[in-house]
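Below is one structure, written out as structure tokens; the observations come after it.
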Amino acid sequence: MATVSILEKNNRWQDDNPAAAILTKLEENPFASFAEMEFNYSQNWQPYDRVKALAALKKGKEPSLTLRTQTLIHWRGAIAKGDSRNTLTLGLTNQTLGELDLPRLIDYTLELAKLMPKFERAEISAEAKPGDFYKLEQLKWLPECFNSFLKWYHLINPLGYEPYFSREEMLNIPAHQVRELENGWIEIISYPDPLAYNQPEARAKVIEITNYLNAHRRDWQKAAAQVG
């Protein structure tokens, strides 16, 4: 499954609850209509009811809601409210991802991220276990703003990357494409095709970017200075 993960920190949607806007945006997704829902991973699927879903997200302290389609596209979306972070996790089959207009998928990810009150990071990946490649190549894990491993696509708020990297270091990442958006977020496309992660060119790019990032980590430099 290809996944799109969007995360925010330190907001349980109590003072600024975006549940209605997020549900609306999910319902407007360009892939398929949601037909079923479940709460809190209970596996008790029921017909999608927007009123009930919205009430749960607004009322509960830490509810989670998972939506899925009943079409050939196999599209799923999950919203989880946690104690210190909230997440949107979207999934679709790799075959569907290959048929999508990728700029449209990125635009949709950007639109969802803008709804999160304290957005930190988003990523799109079609690789199920990137950690296996990191272990094989003996690569060091990346910091939290990259969620440990390099993916095909990253969108990172300064709130996420500033503990680890400067703006200039982020903009100089040797990726396929790096750009700074108007709101200060930095968008990274590691290699051209998200389904080509097993190709030598993509693997070489993952190694190059990972080594670059780990060579510039402020948290490691600070730790080394304190030891010295």
Side-chain angles (χ1 to χ4, degrees), residues 2-31 34 37-42 48-68 75-92 105-125 141-167 170 179-188 213 217-219 222:
T3 59
V4 182
S5 297
I6 301 170
L7 179 143
E8 71 164 1
K9 295 184 70 175
N10 304 320
N11 190 314
R12 292 193 298 201
W13 301 355
Q14 293 174 340
D15 300 323
D16 186 7
N17 192 311
I22 289 173
L23 276 180
T24 298
K25 184 56 64 175
L26 287 176
E27 291 167 338
E28 295 173 351
N29 78 80
F31 312 110
F34 292 109
M37 67 182 183
E38 67 171 356
F39 296 101
N40 299 318
Y41 306 105
S42 65
Y48 177 56
D49 183 330
R50 187 179 195 276
V51 174
K52 186 176 180 180
L54 183 58
L57 288 172
K58 284 188 172 183
K59 179 176 64 176
K61 178 181 178 182
E62 294 189 12
S64 64
L65 168 68
T66 303
L67 310 173
R68 71 180 180 186
W75 176 248
R76 178 175 295 195
I79 306 170
K81 286 170 59 179
D83 187 48
S84 62
R85 61 184 64 194
N86 303 318
T87 59
L88 293 173
T89 303
L90 314 176
L92 63 164
L105 177 61
I106 291 175
D107 287 344
Y108 183 54
T109 303
L110 283 163
E111 291 169 4
L112 284 168
K114 290 176 182 177
L115 299 177
M116 307 294 276
K118 293 187 178 179
F119 166 74
E120 182 180 282
R121 70 168 190 254
E123 59 200 32
I124 304 174
S125 176
W141 291 6
L142 292 172
E144 183 180 8
C145 61
F146 284 92
N147 198 13
S148 299
F149 310 112
L150 189 74
K151 317 300 191 305
W152 169 67
Y153 175 89
H154 291 272
L155 178 68
I156 307 177
N157 189 315
L159 291 173
Y161 73 73
E162 284 179 345
Y164 308 100
F165 309 104
S166 68
R167 170 179 172 273
M170 291 289 290
R179 65 169 181 159
E180 185 176 29
L181 306 183
E182 292 181 358
N183 52 15
W185 299 355
I186 292 182
E187 182 184 74
I188 304 157
L213 289 168
R217 288 183 60 161
R218 291 180 174 180
D219 56 330
K222 182 178 180 180

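Since the structure is predicted, the reported quantities are computational estimates derived from the model, not experimental observations.
Residues Gly160 and Glu120 come closest through the heavy atom pair CA-CG, 3.6 Å. Contact between Glu8 and Met116 at its shortest, heavy atoms only, is OE1-C, 3.4 Å. Taking both residues in full, the closest heavy atoms of Pro163 and Arg218 are given as O-CB, 3.7 Å, listed atom of the first, atom of the second, then distance. When every heavy atom of Ile106 is checked against every heavy atom of Tyr153, the shortest pair comes out as CG2-OH, 3.4 Å. For Phe165 against Cys145, the heavy-atom pair with the smallest separation is CE1-SG, 4.1 Å. Shortest non-hydrogen contact noted between Ala56 and Phe39 is CB-CE2, 3.6 Å.
Salt bridge Glu28/Lys25: present, at least one basic N to carboxylate O contact under 4.0 Å. Classification of Glu162 and Arg167 as a salt-bridged pair fails, no side-chain N sitting under 4.0 Å from a carboxylate O.
Between the side chain of Arg50 and the backbone N or O of Glu27 there is no donor-acceptor pair closer than 3.5 Å. Ser64 places a side-chain N or O within 3.5 Å of a backbone atom of Asn40 that can act as its donor or acceptor partner.
Ring centroid separation for the pair Tyr108 and Phe31 comes in under the 6.0 Å cut-off.
The closest side-chain heavy-atom distance from Tyr41 to Thr66 is below 4.5 Å. Contact check for Trp75 versus Phe34: side-chain heavy atoms found under the 4.5 Å cut-off. Using a 4.5 Å cut-off on side-chain heavy atoms (C-beta onward), Trp152 and Ser125 make no contact. Residues Leu67 and Arg76 form no side-chain contact, since every pair of their non-hydrogen atoms from C-beta on lies 4.5 Å or further apart. Under the 4.5 Å side-chain criterion, counting only non-hydrogen atoms from C-beta, Leu23 is in contact with Ile79. The closest side-chain heavy-atom distance from Met170 to Ile188 is below 4.5 Å.
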Exercise. Before giving the answer on side-chain contact (heavy atoms from CB on, under 4.5 Å), spell out for Arg179 and Ile186 the whole-Å C-alpha distance, their side-chain angles and the decisive distance to 0.1 Å.
Key: CA-CA 6 Å; Arg179 65 169 181 159; Ile186 292 182; over 6 Å; no

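Summarising the geometry, atom CD belonging to Glu111 is positioned 11.0 Å from atom CG belonging to Asn29; distances are rounded to the nearest 0.5 Å. Between atom OG1 of residue Thr87 and atom CD1 of residue Ile6 there is a gap of 10.0 Å, rounded to the nearest 0.5 Å. Taking CG from Leu110 and CG from Leu155, the interatomic distance works out to 5.5 Å, rounded to the nearest 0.5 Å. Atom NE2 in His154 sits 10.5 Å away from atom OG in Ser5 (nearest 0.5 Å). Separating the CD1 atom in Ile156 from the CD atom in Glu144 is a distance of 11.0 Å, to the nearest 0.5 Å. The distance from the NZ atom of Lys52 to the CG atom of Leu65 is 10.5 Å, given to the nearest 0.5 Å.
Each of Thr3, Thr109, Asn147 was compared with Glu123 under the side chain to side chain donor-acceptor pair (under 3.5 Å) criterion, and only Asn147 meets it.
Using bins of under 30°, 30° to 60° and over 60° for the plane-to-plane angle, the ring pair Trp185/Phe119 lands in the tilted bin.
Applying the side-chain contact (heavy atoms from CB on, under 4.5 Å) criterion to Asn17, with sequence neighbours excluded, gives Trp13, Ala19, Lys58, Lys81.
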